[in-house]
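None of the values given here were measured: they were computed from a predicted structure. We use all heavy atoms of the structure for the numbers below, so side chains are in, but hydrogens, waters and symmetry mates are not. When a ligand or atom number is given, it counts from 1 through the structure's own listing order.
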Amino acid sequence: MKKALIFGVTGQDGAYLARFLIKRRYEVHGIKRRSSSYNTSRVDSIYEDPYKKNRRLILHYGDLTDTSNIQNLISDILPDEIYNLGAQSHVKVSFETPEYTANCDALGPLRILEAIRNVRKKKNIKFYQASTSEMFGNTPAPQSEKSILSPESPYGTAKVYAYHITKNYRDAYKIFACNGILFNHESPLRGETFVSKKITMAVAKIKLGKQKLMYLGNLDAKRDWGHAKDYVEGMYKILQQKKPDDFVLATGKSFTVRKFVEDAFKCIDVQIIWKGKSLNEIGIDKKTKEVLVKIDKRLFRPNEVNFLKGNYMKAKKILKWTPKINYTKLVKEMVASDLENLS
Ligand code: NAP
Ligand code: G4F
């Protein structure tokens, strides 16, 4: 039986990856952070009693900013594969907490790689690093493994460090260390402060009479939105190759935030029409004339990544990976799930 260790198991991707690996008969170890309130809701349905024998999911306390904790966990568990999905993953928040973001997102993966290096004589552990399309910044689309990295945020900059240190350890110490350069991926489990989930939850609440309107920032940014379920399969495939390498996972299609809003409202039979410009722009229900979307300048970022669209041809050719769930299905699934949960 293979053992996997997931940093970030309580996050969106961690929860999908844990389920995926458990189905493939892995023993999954996950790192959760100490919190004053419960933070395991995404994995509660696969949680197992600590007194049960032959558990498939085993949770440990840990933190990417704690070197000794990471060293101890890795040398005790000695997993076959480590997936580092842990991060301060919010781009706008990274402008407010740049130092913490660097500690967690840049030095965190370095700490894991050092721990892997230290146990090399006992076990060759494979390592997956959650790299991101945010590293490309405003490099022209479509972005591929060969595109220039030019991050526009403290988050993106920290992730560029993590990307390079992963490659350095692969080259210098022959560690099986890989980067998955993933474009935006969403799901019903997406964190509530990311734009997709913020929109689908607001749409559901408006439909149920629990909210009147939503505030958004830049409506014109374009993102390549896929489904997290497809992307965790890609992560797994990256670590099953003969040679360690880096891969872009994306859908190759890109839509504006504005279109996401329109399509989410379509799911509840509301057609949005836009009026006004810039900070005074509003989104109106065509039928009732109610204002459902307003702009709040505080939701803009100091720097914006305008256009992300990935070229995933390398993953298609080598990993035989293609995304199965398209953008339209994704939006519908997210709205339907929020309607069900909130009603
Ligand atoms: P997420 O939902 O925000 O999950 C992040 C996970 O990291 C959570 O489990 C979180 O724990 C954990 N974490 C945060 N700070 C930590 C720390 N100091 N020590 C240990 N764990 C910590 O993110 P996601 O969407 O699943 O993304 C997974 C990874 O892929 C992240 O590294 C992200 O940067 C990267 N990525 C995401 C996307 C995307 O579109 N989703 C695209 C490209 C790359 P808590 O639950 O306690 O907060
Ligand atoms: O949903 P977002 O916050 O995602 P963003 O910034 O693209 O980052 C996500 O994808 C990255 C991959 O490219 C990951 F690495 C990262 O961890 C994260 O998962 O924002 C998407 C777009 C941005 O252009 C933002 O300016 O939506 C725009 N936006 C407009 N109004 C908003 C809002 N974003 C948020 N979060 N909230 C708003 O009200």
Honestly, is R258 close enough over F260, meaning NZ or CZ under 6.0 Å from the six-membered ring centre and within 45° of the axis?
no
Classify the contact between L308 and ligand 2 as side chain, backbone, both or neither, using a heavy-atom distance cut-off of under 4.0 Å.
side chain
Is E304 close to ligand 2, meaning an N/O of one under 3.5 Å from an N/O of the other?
yes
Going by the salt bridge (charged side-chain N to carboxylate O under 4.0 Å, His left out) test, name the single residue among K197, R190, K198 that passes it with D338.
K197
Location of contacts on V91 toward ligand 2, heavy atoms closer than 4.0 Å
side chain
4.0 Å heavy-atom contact, F300 with ligand 2:
no
Of T67, I82, T166, which is the lone residue that meets side chain to side chain contact (heavy atoms under 4.5 Å, CB included) with I112?
I82
Among E134, H185, R190, Q12, whose heavy atom sits nearest atom 19 (O) of ligand 2?
R190
Heavy atoms under 4.0 Å from ligand 1: which residues qualify?
G8, T10, G11, Q12, D13, R33, N39, D63, L64, L85, G86, A87, S89, Y100, C104, A130, S131, T132, Y155, K159, L182, F183, N184, H185, R190
Run the ring-centre check on W321 versus Y231 and record whether the distance is less than 6.0 Å.
yes
For atom 35 (C) of ligand 2, tell me which residue out of V93, V195, N184 has the closest non-hydrogen atom.
V195
Under-4.0 Å salt bridge between E304 and R223
yes
Passes salt bridge (Lys or Arg N to Asp or Glu O under 4.0 Å), K123 versus D80? Steps please.
CA-CA 8 Å; K123 188 141 192 177; D80 299 278; 3.4 Å; yes
Which residues pass the side-chain hydrogen bond (donor to acceptor under 3.5 Å, both in side chains) test with Y161, not counting sequence neighbours?
none
Check whether any N or O atom of G217, backbone or side chain, sits under 3.5 Å from an N or O atom of ligand 2, and answer yes or no.
yes
Six-ring centre of Y215, K294 cation under 6.0 angstrom, axis tolerance 45°:
no
Please confirm whether H90 comes under 4.0 Å of ligand 2, counting heavy atoms of the residue only.
yes
Under a 3.5 Å threshold, yes or no: a donor from one side chain and an acceptor from the other, between Q12 and S187?
yes
